[in-house]
There are 2 protein chains.
Amino acid sequence: MRDPQHPDPSEITLPRVLAALSDPIRLGLVRLLADGQERGWGELRAPVAKSTLSHHLKVLRDAGVTQTRQEGTRCFVQLRRTDLDTRFPQLMAALLSVAAADDIGGDVTAAR
Amino acid sequence: MRDPQHPDPSEITLPRVLAALSDPIRLGLVRLLADGQERGWGELRAPVAKSTLSHHLKVLRDAGVTQTRQEGTRCFVQLRRTDLDTRFPQLMAALLSVAAADDIGGDVTAAR
DNA sequence: ACCTTCATTCGACAATCAACGAACATCGAA
DNA sequence: TTCGATGTTCGTTGATTGTCGAATGAAGGT
């Protein structure tokens, strides 16, 4: 378990973010995090193996969409809403609104 | 040259559109078409082979982002702005604004 | 008819991706 | 220190992607 690396706000690029959000599961994860609440890895329920979920979280993290924090053996993930809104004004709002309307990634939920 | 097929507005999905727009060249093409103006294939200048450009235009068309019209041997392409705005309110506006600010796909231009 | 122009399609290639199970590493608790 | 829980990494597999050049198909002009 290495230190997760996060790109600087200035390193966040539009094509990369769009690629990260072009997957229904990742879009579902982002929807789940849209309330700004930090979530534990263990809360996340998605219809994929845990290694696949780890991969998706890494893609989101590498794109600068989420931030991961470690506490002991557990990970907590959070949407980088402020950075994203600064970098891409109105984008997340529009995206989240559409994703909710179409229920994209609705099979991603949170337990607990 | 077969009849180009376009998805119905209801068939346009967010993940597909985001995937289509996650490529700098395609984003550049969309920026070029953002004024609503119809453009001839021959006007489009992008740093790729013509077969590659044709491929990118097909990806955009299949995702429902653009509309292609044939007139004789020539093709004209246009952004499906109304359909996109109906389906995804505010999304294109936010996207185009950011793409312009970052000059994503700036190497895609129009001659004539 | 023939040739030119224009755009798509084909075939090939290397690269990337989503997905899985298994192995590994790390930390807290027993 | 051994164990269990947690998350990452590895190796693989099948599918998709971006790219090119060459071949193909469709009009239009000569």
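Throughout, protein chains are lettered first and strands after them, A, B, ... in sequence-line order, and every chain is numbered starting at 1.
For the pair H56(B) NE2 and dA7(C) P, the interatomic distance rounds to 16 Å; values are reported in whole Å. We find that NZ of K58(A) is positioned 13 Å from C1' of dC10(D), with the value rounded to whole Å. Between E71(B) atom CD and dA26(D) atom P there is a gap of 18 Å when expressed in whole angstrom units. Put simply, CZ on R45(B) is 10 Å from P on dC6(C), counting in whole angstrom units. Going from atom CG of L60(B) over to atom P of dT8(C) covers 12 Å, rounded to whole Å. Put simply, CZ on F76(A) is 11 Å from P on dT6(D), counting in whole angstrom units. Atom CD in Q70(A) sits roughly 9 Å away from atom P in dG7(D) (whole-Å rounding). Whole-Å rounding puts the R69(A) CZ to dT26(C) P distance at 20 Å.
With hydrogens and angles disregarded, a donor-acceptor distance shorter than 3.5 Å links the side chain of S22(B) to the backbone of A19(B).
For the pair D35(B) and R39(B), the salt-bridge criterion is met [side-chain N within less than 4.0 Å of a carboxylate O]. Ionic pairing of K58(B) and D62(B) is present here: one or more N-O contacts between side-chain nitrogen and carboxylate oxygen are shorter than 4.0 angstrom.
Comparing atom distances between the R61(B) side chain and each of dT19(D), dC6(C), dT8(C) picks out dT8(C) as nearest.
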>> Working note: Q78(A) + R80(A), criterion side chain to side chain contact (heavy atoms under 4.5 Å, CB included); need CA distance, chi angles, decisive distance, verdict.
In response: CA-CA 6 Å; Q78(A) 194 174 11; R80(A) 292 179 65 178; over 6 Å; no
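The hydrophobic clustering, which links ILVMFWY residues whose side-chain heavy atoms are closer than 4.5 Å, places M92(A) and L18(A) together. Cluster membership check: L79(B) shares its hydrophobic cluster with W41(B), using side-chain heavy-atom separations under 4.5 Å among Ile, Leu, Val, Met, Phe, Trp and Tyr.
Residue-level contact check: H55(B) touches the bases, meaning some heavy atom is under 4.0 Å from a base atom.
Separation of atoms CG (L33(B)) and CD (Q37(B)) is listed at 10.0 Å; rounding is to 0.5 Å.
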Report all interatomic pairs (protein N or O, nucleotide N or O of nucleotides 20-22 of chain C) with separations under 3.5 Å.
{"from": "dC20(C)", "atom 1": "OP2", "to": "A49(A)", "atom 2": "N", "distance (Å)": "2.7"}
{"from": "dC20(C)", "atom 1": "OP2", "to": "T52(A)", "atom 2": "OG1", "distance (Å)": "2.9"}
{"from": "dG21(C)", "atom 1": "N7", "to": "S51(A)", "atom 2": "OG", "distance (Å)": "3.4"}
{"from": "dG21(C)", "atom 1": "O6", "to": "S51(A)", "atom 2": "OG", "distance (Å)": "3.1"}

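Side-chain N/O atoms of T73(A) include none lying less than 4.0 angstrom from OP1 or OP2 on dG7(D). The phosphate of dA5(D) has neither OP1 nor OP2 within less than 4.0 Å of any side-chain N or O from W41(A).
Heavy-atom minimum distance, L14(A) versus L91(A): CD1-CD2, 3.8 Å.
Only at 4.0 angstrom or more do the heavy atoms of residues 11-34 of chain B sit from any atom of DNA chain C, so none qualifies.
The side-chain contact (heavy atoms from CB on, under 4.5 Å) search around P47(A) returns D107(A), not counting sequence neighbours.
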